[in-house]
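What follows is a set of notes on a single structure, which appears directly below.
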Amino acid sequence: QVQLVESGGGLVQAGGSLRLSCAASGSMGAIKAMSWYRQAPGKQREWVATSSSGGSTNYADSVKGRFIISRDNAKKSVYLQMDSLQPEDTAVYYCNVHLFDASGRFIDSWGQGTQVTVSS
């Protein structure tokens with residue numbers, strides 16, 4: 001079993017910053033794409049950013065220029081640096097990782113989420 005644990009959420013004022021972390025543990029093979037999603041109260045879960053194994057990154061329009069996704073393959077971790085936070089960024093943020101497990105089976109793994117609250 002592969003487990004993902006997010007951390008770094010909290011309460012900040014508008015204009016502030018937070019850095020989210022997600023660490024993968026357990027037996028696994030190659031890690032492919034690593035992404036962040038978020039879900040605001042009463043809304044659907046939406047994609048935020050992705051870091052591919054090839055080094056490319058992609059962002060939702062709503063966070064471009066404010067958020068940076070990065071990864072540390074040695075630590076099997078992915079990060080989300082969030083700057084210029086706005087109340088609209090308030091949501092539970094989820095880590096998502098595409099990887100192969102120790103048996104070579106493709107796995108779509110999700111963390112349990114970390115709360116980010118931005119006050120006006």
Side-chain angles (χ1 to χ4, degrees):
Q1 285 273 29
V2 175
Q3 295 184 342
L4 304 180
V5 179
E6 301 102 332
S7 63
L11 173 64
V12 298
Q13 295 186 152
S17 298
L18 285 173
R19 188 174 190 244
L20 306 183
S21 299
C22 172
S25 62
S27 297
M28 68 190 76
I31 295 177
K32 299 302 180 182
M34 307 183 82
S35 300
W36 288 95
Y37 289 75
R38 67 186 182 186
Q39 187 167 23
K43 297 186 177 181
Q44 298 181 98
R45 185 173 299 187
E46 65 176 348
W47 167 76
V48 175
T50 294
S51 174
S52 72
S53 60
S56 64
T57 57
N58 292 279
Y59 300 90
D61 288 341
S62 60
V63 306
K64 284 182 179 178
R66 300 188 298 120
F67 292 8
I68 297 293
I69 188 171
S70 61
R71 64 197 288 172
D72 185 331
N73 290 324
K75 295 182 178 180
K76 299 179 180 179
S77 297
V78 61
Y79 310 93
L80 187 68
Q81 177 66 45
M82 305 185 294
D83 297 327
S84 301
L85 284 163
Q86 305 169 11
E88 293 77 19
D89 296 316
T90 295
V92 177
Y93 283 71
Y94 297 90
C95 176
N96 173 249
V97 178
H98 290 177
L99 73 153
F100 295 97
D101 67 11
S103 299
R105 181 179 300 176
F106 177 77
I107 298 294
D108 181 5
S109 184
W110 291 86
Q112 293 188 342
T114 184
Q115 177 70 49
V116 171
T117 302
V118 184
S119 62
S120 60

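Just so it is clear, the structure is predicted and the values come from calculations on it, not from any experiment.
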Report task. Group every Ile, Leu, Val, Met, Phe, Trp and Tyr by side-chain heavy-atom contacts under 4.5 Å, then state whether Val48 and Leu85 land in the same group. Result -> yes

Requested in this report: Give the intermediate values and the outcome of side chain to side chain contact (heavy atoms under 4.5 Å, CB included) for residues Val5 and Ser25.
Outcome: CA-CA 8 Å; Val5 179; Ser25 62; 5.6 Å; no

Query raised in the report: Which of these passes salt bridge (Lys or Arg N to Asp or Glu O under 4.0 Å) with Arg66: Asp89, Asp61, Asp83?
Result: Asp89

Query raised in the report: Taking it one step at a time, do Tyr79 and Cys22 satisfy side chain to side chain contact (heavy atoms under 4.5 Å, CB included)?
Result: CA-CA 6 Å; Tyr79 310 93; Cys22 172; over 6 Å; no

Report task. Nearest 0.5 Å please: distance from the CH2 atom of Trp47 over to the CG atom of Asn58. Result -> 5.0 Å

Query raised in the report: Among the clusters formed by ILVMFWY side chains lying less than 4.5 Å apart, do Leu20 and Tyr94 turn up in the same one?
Result: no

Query raised in the report: Parallel, tilted or perpendicular: which fits the ring planes of Phe67 and Tyr93, with parallel below 30° and perpendicular above 60°?
Result: tilted

**Report entry** Full working for side chain to side chain contact (heavy atoms under 4.5 Å, CB included) between Lys32 and Phe106
**Finding:** CA-CA 10 Å; Lys32 299 302 180 182; Phe106 177 77; 5.7 Å; no

**Report entry** CD1 on Ile107 to CG on Asp101, rounded to 0.5 Å
**Finding:** 4.5 Å

**Report entry** Tyr59 side chain vs Gly65 backbone, donor-acceptor pair below 3.5 Å
**Finding:** no

Query raised in the report: Can you check whether Ile68's main-chain N or O pairs, donor with acceptor, with Gln81's side chain at less than 3.5 Å?
Result: no

Query raised in the report: How far apart are the C-alpha atoms of Arg71 and Ile31, what are their side-chain angles, what is the distance that settles it, and do they pass the side chain to side chain contact (heavy atoms under 4.5 Å, CB included) test?
Result: CA-CA 11 Å; Arg71 64 197 288 172; Ile31 295 177; 3.5 Å; yes

Report task. Hydrophobic side-chain clustering at under 4.5 Å (ILVMFWY, transitive links): who's grouped with Leu11? Put none if nobody. Result -> none

Report task. Tell me, please, which residues at least two apart from Ser52 pass side chain to side chain contact (heavy atoms under 4.5 Å, CB included). Result -> Ser56

Query raised in the report: Can any side-chain N or O of Gln112 pair as donor or acceptor with the backbone N or O of Glu6 at less than 3.5 Å?
Result: no

**Report entry** Donor-acceptor contact present, side-chain Thr57 to main-chain Ser51, <3.5 Å
**Finding:** no

**Report entry** Val2 versus Ser109, closest heavy-atom pair with distance
**Finding:** O-OG, 3.7 Å

